[in-house]
Amino acid sequence: MPGAPSVTPSAVGSRSIPRSNPRPGVETRKALCASCDIACSVVTEIQKGRVTRVRSSDNPLFKDNICVKGIVAPKNFANPDRVLHPLKRVGERGSGQWQQVTWDEAMADIGARLTRIIDTHGPEAWAVSTSQWNTGTDHGLGRRLMNHIGSPNWISGVALCAGNTAAVNRLTYGWYPWPDYDNTSCIVLFGHNPGRNSWVPVYNQIQRVKARGGKLIVLDPRKSECAELADLWLPLKVGTDAVMMFGWLKVIFDEGLYDRAFVDRWCTGFDELRRRVDEFPLSRVAAITGCSPELIARAARMYATMGPSVIPWTPITDQQRNSTSGIRLQSILRAVCGYLDVPGGEAMMGFHPKIVSESEIEMHHVLPESQKAKQLGSDRHPAFTYRGQAALREPCKRVWGHEYANQVTGCYMANPSALFRAMAGDGPYPVKALFSLGNNTLMSYANMPLILRAFMNQELIVVQEHVMTPTAQLADYVLPGDSWLERPWMFDGYGWLSLYKPSQKSMEPPGTCKSTFEFWKLMANALGRPEIVPWPTLEAFYDWRIAGLGLDFETFARTYDVHADKLEFRKYERTGFATPSGKVELRSSILADLGFDPLPYWRDAPPPDPDYPLEMFTGVREAEYFQTGGRHIPEMRARKPEPVLFVSPATAAAEGLGEGEWVTVETRTGAIEITVGIRANMPDGLVRIPHGWWKPEMEQGAGRLSGALRYADALLCPDDEDFLDAEQGIPHLKGVPCRIVRRSGGAA
Ligand SMILES: Nc1nc2c(c(=O)[nH]1)N[C@H]1C(S)=C(S)[C@@H](COP(=O)(O)OP(=O)(O)OC[C@H]3O[C@@H](n4cnc5c(=O)[nH]c(N)nc54)[C@H](O)[C@@H]3O)O[C@H]1N2
Ligand SMILES: Nc1nc2c(c(=O)[nH]1)N[C@H]1C(S)=C(S)[C@@H](COP(=O)(O)OP(=O)(O)OC[C@H]3O[C@@H](n4cnc5c(=O)[nH]c(N)nc54)[C@H](O)[C@@H]3O)O[C@H]1N2
Ligand code: SF4
Ligand SMILES: [Mo]
């Protein structure tokens, strides 16, 4: 997911603090790291036209916001296997036979083939899968082109990471808020585990809050690094976050710890909610979560009574069977405790009159309603589709002045599983072209066997990448993408925060690597619609976006580190909330109208499966890699050469497993090979599977895919209805029945 910006909202127009060049012959630039999704402000050092070092920003606001992935970026992007020129498939799909072509040749052919597909099957036969931070300069231009051409079928990794949280938060109070870490009294982490090499800015914020006496509550089945720091650690059972929150609400309501005045004036559906919460006595919550009633009550009291507290975004509740209820319960906790849009609580920033949001650039209003209605998956699982968010258009306009707020790009997506089914030929209509930009599509959703079938059934697959990922190996065209060292960038906080942060270009891209901005511009031209992306260059586009501040991009990037206005709190007192009722909808009128339970609820896991007695989750991010990327960097591979599962000592003993041994893990969906790591901090019966493993050095092409067919967690993740959240249709990755099979012999 994205993630989040590394600046607190109170930082207004912070000027940069220039430092003299460290050594003669060394130039410096201010950049934003895009090696993950949180955009740390960093400094690049350049010698002879190449970046030789990445270090932390000189601005005290961003002090120490850097990690190993940012530091290793120059080596990452200089790797000898980087794709430097467009490649065209010449053999069968996946045969590994490529011909180098020019951008002109590639784009002319892609334009002609996509036009044929659209003419034959309609614009909805064209799908895009992307993630905003890897491509950086997409800036909503892909959506803009799709909206003009007529396709609603855009998906992204943000369906499993923050984008869906944003969409579900909007159902309750119209905007996805951001924690005011600087003033908060208590932080609650549902699994989320920032560290020195994972979301460092948030980790540093947690340290600062702790240092001034604030509290930290961590809910995690495993004693994680953040759990070690916590004042309270709740070792809940995997996948039970939603029921835990019912327990907290039970305590908060029974003990009168909520903000009655706010609830009375600003919330709908309190009485109904309260009756629902009464179905969750702590004995029931304790039985499901495995935590004692006393511990649950202590945590609930701490959250409700410490003063303004925050529940930062977490991917853990994004990826569960009860995701919509879990995210709604987080929203409800914020609201009933009076922590919404107050100092130290969670701030709703809205649109800013001088900041051109990507929602505006996307131009969702030009996509006809008849095409919006074709968005795949919106019939069964509408929450983050156009249909699910439609009732927010008028309220959003009323409160924020804009009809469409595509926060974290997650509010108008197609459903990934439904899209893959249609691509495979099992949908309501054919989908025949997939563009995958900065996104390892094949490995980044559930049910990889289905995605593979979907890929093999395409007429046109276009990938923009740095390296020959398993996804790229199945493409018709692989186009070389530039990196964050090689392009300017302006970050706007994903429409979650309202700010601009600039990034200077540090060096020229190698070969003919291009930005995603340039790709969409060439694509608009190739479809005969140059007016859709009218700006001649990326810099000219940024000049246009920043004109409201009375600056040009070059001056802004040279002079400032960030532009953000001072926060105004309790805006709702002036405007109401951007929901149909104008209030916080504890009972969601939108979910009711869509035919779902308007209150959060608890859906039990399917009955235990004796053939698959253990449970697995995917996650615990690897310090060295970002998601499926980075396995080609020798310095990082030396530190983490193989995928490792984690099990407790007792589970290892029961299964007869030894440290470092290769095993097979199986679910009903598929199987992977992996090594064993025995970890004292794992609960018994739970298996951690790392996300995104493949080995760039292994054989490429269909049937091999550089080890992705052996190691990728997505092979294990189901997407049948039992394992999908009902409202969103996103897969349950936190608690899937599995088994471990010992292998005779050594390395896989
Ligand atoms: N099965 C399963 N699926 C998951 C998850 C999981 O745990 N399990 N996690 C989910 C989460 S939390 C997320 S955030 C998503 C992430 O899903 P993705 O956004 O697909 O993330 P990555 O795996 O990082 O793939 C990004 C690709 O972009 C390329 N890239 C990097 N920088 C650039 C660039 O500047 N330009 C271009 N053109 N390409 C670039 C990299 O080489 C890499 O191959 O996946 C989600 N999907
Ligand atoms: N170095 C590095 N940093 C990264 C990334 C990376 O790939 N590498 N990826 C980035 C991205 S896109 C994301 S989304 C974040 C993800 O980072 P985090 O939000 O920290 O997520 P994970 O590391 O997957 O898991 C965090 C914790 O969730 C616990 N957990 C597992 N299942 C459950 C459950 O059901 N409930 C609860 N409450 N806890 C559970 C795990 O035990 C683990 O300790 O990290 C970001 N930072
Ligand atoms: S946390 Fe690391 S990878 Fe992410 S933006 Fe910051 S330095 Fe880059
Ligand atoms: Mo993520």
Side-chain angles (χ1 to χ4, degrees), residues 1-3 5-6 31-42 54 56 62 65-73 76-77 82-83 129-138 156-163 194-204 313-316 318-319 416 436-448 451 463-472 479-487 489 509 513-516 519 617-621 623 625-632 689-692 694 696 712-717 719 730-731 733-734:
M1 135 98 231
S6 51
L32 298 178
C33 177
S35 286
C36 87
D37 43 6
I38 201 168
C40 291
S41 297
V42 295
V54 176
S56 176
F62 310 117
N65 289 353
I66 191 160
C67 84
V68 65
K69 303 189 296 305
I71 291 168
V72 84
N76 177 0
F77 303 137
R82 183 153 165 201
V83 179
S129 180
T130 184
S131 72
Q132 299 297 72
W133 55 94
N134 289 315
T135 51
T137 61
D138 182 288
S156 165
V158 302
L160 300 173
C161 182
R196 286 191 198 287
N197 291 299
S198 175
W199 271 42
V200 194
V202 171
Y203 178 71
N204 290 341
W313 163 76
T314 165
I316 308 305
D318 288 353
Q319 305 171 348
S436 171
L437 308 173
N439 170 252
N440 203 344
T441 310
L442 196 61
M443 304 171 59
S444 294
Y445 300 91
N447 196 354
M448 183 163 145
I451 309 178
V463 166
Q464 195 192 26
E465 252 301 341
H466 289 162
V467 290
M468 270 295 186
T469 59
T471 301
L479 302 173
D482 64 6
S483 80
W484 61 267
L485 298 174
E486 301 151 9
R487 61 185 178 233
W489 190 31
C513 294
K514 288 191 191 298
S515 70
T516 303
F519 169 72
F617 72 91
T618 78
V620 185
R621 299 311 184 197
Y625 307 123
F626 182 67
Q627 304 293 99
T628 71
R631 270 69 172 184
H632 58 271
I689 301 293
H691 170 51
W694 62 289
D713 64 307
L715 290 166
L716 295 178
C717 302
D719 76 340
I730 53 91
L733 305 184
K734 308 296 172 192

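Ligands are counted one by one from 1 in listed order, and the atoms in each one are counted from 1 as well.
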Closest to atom 41 (C) of ligand 1 by heavy-atom distance, out of H466, Q464, E465, is E465
Only heavy atoms of K69, strictly under 4.0 Å: list the atoms of ligand 3 that pass. 3 (S)
Do K514 and E465 meet the salt-bridge criterion of a basic N to acidic O distance under 4.0 Å? no
Tell me, please, if C67 has any N/O/S atom, main chain or side chain, under 2.8 Å from atom 2 (Fe) of ligand 3? yes
Under 3.5 Å donor-acceptor, D713 side chain and I689 backbone: no
Closest protein heavy atom (residue, atom, distance) for atom 1 (S) of ligand 3: V200 CG2, 3.6 Å
Any chance the side chains of T628 and W694 put a donor and an acceptor closer than 3.5 Å? no
Do ligand 1 and T135 have nitrogen or oxygen atoms that lie under 3.5 Å from each other? no
Between H466 and N76, do the side chains contain a donor N or O and an acceptor N or O under 3.5 Å apart? no
Where's the contact between P315 and ligand 1, heavy-atom distance under 4.0 Å: side chain, backbone, both or neither? neither
Which option, T130, V83, N439, owns the non-hydrogen atom nearest atom 18 (P) of ligand 1? N439
Considering all heavy atoms of both residues, which atom of W484 and which atom of G70 are nearest to each other, and what is their separation? CZ2-O, 4.3 Å
Is E486 reaching over with its side chain to a backbone N or O of S483, donor-acceptor style, under 3.5 angstrom? yes
Below 4.0 angstrom from a heavy atom of L160, which ligand 1 atoms are there? Numbered from 1 as shown, please. 3 (N), 4 (C), 46 (C), 47 (N)
Any V158 heavy atom less than 4.0 Å from ligand 1: no
Between atom 4 (Fe) of ligand 3 and C33, is there an N, O or S atom separated by less than 2.8 Å? no
Is it true that a side-chain atom of T516 and a backbone atom of F519 form a donor plus acceptor pair closer than 3.5 Å? no
N or O pair under 3.5 Å between T516 and ligand 1: no
Is it true that a side-chain atom of T471 and a backbone atom of T441 form a donor plus acceptor pair closer than 3.5 Å? yes
Heavy atoms only, cut-off 4.0 Å: how does A39 contact ligand 3, side chain, backbone, both, or neither? backbone
Contact with ligand 1 for R621, non-hydrogen, under 4.0 angstrom: yes
Applying a heavy-atom cut-off of 4.0 Å, say which part of N134 lies close to ligand 1: side chain, backbone, both or neither. both
Per-residue contact class, W484 against ligand 1 - non-hydrogen pairs under 4.0 Å: neither
Can you list the ligand 1 atoms lying under 4.0 Å from a non-hydrogen atom of F626? 24 (O)
Ligand 1 atoms nearer than 4.0 angstrom to some heavy atom of T618 are 6 (C), 7 (O), 8 (N)
For atom 13 (C) of ligand 1, which of M468, Q627, M448, H632 has the closest heavy atom? Q627
I'd like the name of whichever of D482, N440, T137 reaches closest to atom 25 (O) of ligand 1 through any heavy atom. N440
Okay, side chain of R631, backbone of P696: is any donor-acceptor separation there less than 3.5 Å? no
Is a donor on one side and an acceptor on the other found under 3.5 Å between the side chain of R487 and the backbone of L485? no
For atom 4 (Fe) of ligand 3, find the nearest protein heavy atom and state the residue, atom name and distance (0.1 Å precision). C36 SG, 2.3 Å
Give a yes or no on whether the backbone of Y625 and the side-chain of K69 come within a donor-acceptor separation of less than 3.5 Å. no
Would you check if the side chain of H691 reaches a backbone N or O of R621 as a donor-acceptor pair within less than 3.5 Å? no
Looking only at distances, please establish whether an N/O atom of ligand 1 is found under 3.5 Å from an N/O atom of G629. no
Scan T130, V463, L479 and name whichever one has a side chain to side chain contact (heavy atoms under 4.5 Å, CB included) with L437. T130
Consider ligand 1: state whether an atom of it lies below 4.0 angstrom from any non-hydrogen atom of R487. yes
I'd like to know if the side chain of S444 and the backbone of N440 have a donor-acceptor N/O pair within less than 3.5 Å. yes
Do you see a donor-acceptor pair shorter than 3.5 Å between the side chains of N134 and S131? yes
Is it the case that the side chain of D318 and the backbone of A162 share a donor-acceptor pair, with hydrogens and angles ignored and the cut-off at 3.5 Å? yes
A student comparing A73, C40, A623 should find that the heavy atom closest to atom 6 (Fe) of ligand 3 comes from C40
Mark the output for T469 as yes if a heavy-atom distance to ligand 1 is under 4.0 Å, and as no if none is. yes
I need the atoms of ligand 1 closer than 4.0 Å to a non-hydrogen atom of S131, numbered in the order shown. 19 (O)
Structural part of Q319 in contact with ligand 1, heavy atom criterion under 4.0 angstrom: side chain
State the atoms of ligand 1, each with its element, that fall below the 4.0 Å cut-off from a heavy-atom position in A714. 1 (N)
